[in-house]
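Both counts, for ligands and for their atoms, begin at 1 and track the order of listing.
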Amino acid sequence: MNTQQRIAAGTIDADRLDRLAELAVKVGLNLQPGQDLLLTAPAEALPLVRRIAEHAYRAGAGIVTPILADPEVTLARYRHAPDAAFDKAAGWLYDGMAKAFDANTARLAIVGDDPMLLAQEDPDKVGRANRAMSIAYTPARERITNFEINWNIIAWPGLAWAQRMFPDLSPEDAQGRLAQAIFAASRVDGDDPVGAWEAHNAALRHRSDWLNGQSFAALHFTGPGTDLTVGLADGHEWMGGASLARNGVICNPNIPSEEVFTTPHAHRVEGHVASTKPLSHQGTLIEDIRVRFEGGRIVEAHASRGEAVLIKALDTDEGARRLGEVALVPHGSPISQSGLLFFNTLFDENAASHIALGQCYSKCFRDGATLSEEEVAARGGNRSAIHIDWMIGSAEIDIDGLSADGSRVPVFRKGEWA
Ligand code: ZN
Ligand code: ZN
């Protein structure tokens, strides 16, 4: 059975799928009349791509351009391409994306690939290909991390992904189950998704306003395998939910999103930390990450699985061993309470507090929209060709806020807001 037949057969609720498409266009992107849209997706997600195209054109889109990727094509590369090809990437494509963003094109990414697609492939080839892609993607990524334009990420319930999550179910039931989980986490399972997101954005704003009022110098994380002090960047600002892009459009970059996040200081991170969930990075599962920081830099790194790919990512460039994001998510978040492990960062990072290696968001600074690259760096913002989020929160983690005068304020106790 192909994907469309399965939808016709009711495995994926067509009405919810349509609501997700509408939410992505109206709330995720807040697509403006006349604005073009660039969309990337797994080929399997075509039914969702078509729903999005319709809602985008109804909203007045100029041109909607979908770019589809296929796992079989990716695997063919690993099995048959000449060795030297693994240091290559389609730079022309990312240059073109950057050009599109400079012309105010909005960006929508649909995720849904098999999180373990490349598990059987040569880790050296995987690491080299990831590195080449990260570097070639730089012009496009910079415009996204600088919030030059409105952008959004949503998920499609991919069949292979669903089977990784629900190995005991039939493929069809697994996909239906993942679809439900995506719709619930994305808040399109009720009657008024747009209203639900307005209320959710207000709650996230309340948390980020409190943290901004405290203006902590650092956060101290403690728990099993973790004793980590994360210095925050000078003039950092906490954000969450809706964001104002530099083109003047308020968008919700991630659907779902449960985090409030800011920019750590690239040179002021000390101690050790252990991951609390597996990380799926570009088709490789990386488990039980343990790293030690000195002066903001990772000086020791281990993983029980996927260590070679992790180390290759850390060696991408100078900034890859430093932090670009710290995010707080309570253990009671709906995604965490679902008890599901998604093996997908869009979901798992919204079930636990996390940190990200690599590039920072320049928007997470007071007056972020006007800062130059040099000013961001001077305040402690990190720069890298990677941005990899991984989860360090759980019901066993306490977090204290440290003020510049040395006083301590409880922020999280046992994984919940204190
Ligand atoms: Zn995050
Ligand atoms: Zn991130």
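A donor-acceptor pair shorter than 3.5 Å can be found between the side chains of Asn30 and Gln32. Under the 3.5 Å distance criterion, with hydrogens and angles disregarded, a donor-acceptor pair is assigned to the side chains of Thr40 and Arg107. Between the side chains of Gln35 and Asn150, a donor-acceptor pair is found at a separation under 3.5 Å.
Here 4 is the count of protein N, O or S atoms positioned under 2.8 Å from the Zn ion (ligand 2), waters not counted.
In this structure, Trp390 and His354 have side chains that are not in contact, with every pair of non-hydrogen atoms separated by 4.5 Å or more.
The ring-ring contact (aromatic ring centres under 6.0 Å, His included) pairs that include a residue from residues 16-55 number zero, where partners must be two or more places apart or lie in different chains.
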task: Decide ring-ring contact (aromatic ring centres under 6.0 Å, His included) for Phe412 and Phe221; before the verdict, give the C-alpha distance in whole Å, the side-chain angles of both, and the deciding distance to 0.1 Å.
output: CA-CA 9 Å; Phe412 269 44; Phe221 292 76; 8.3 Å; no

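Of all N/O/S atoms in Glu259, OE1 sits nearest the Zn ion (ligand 1).
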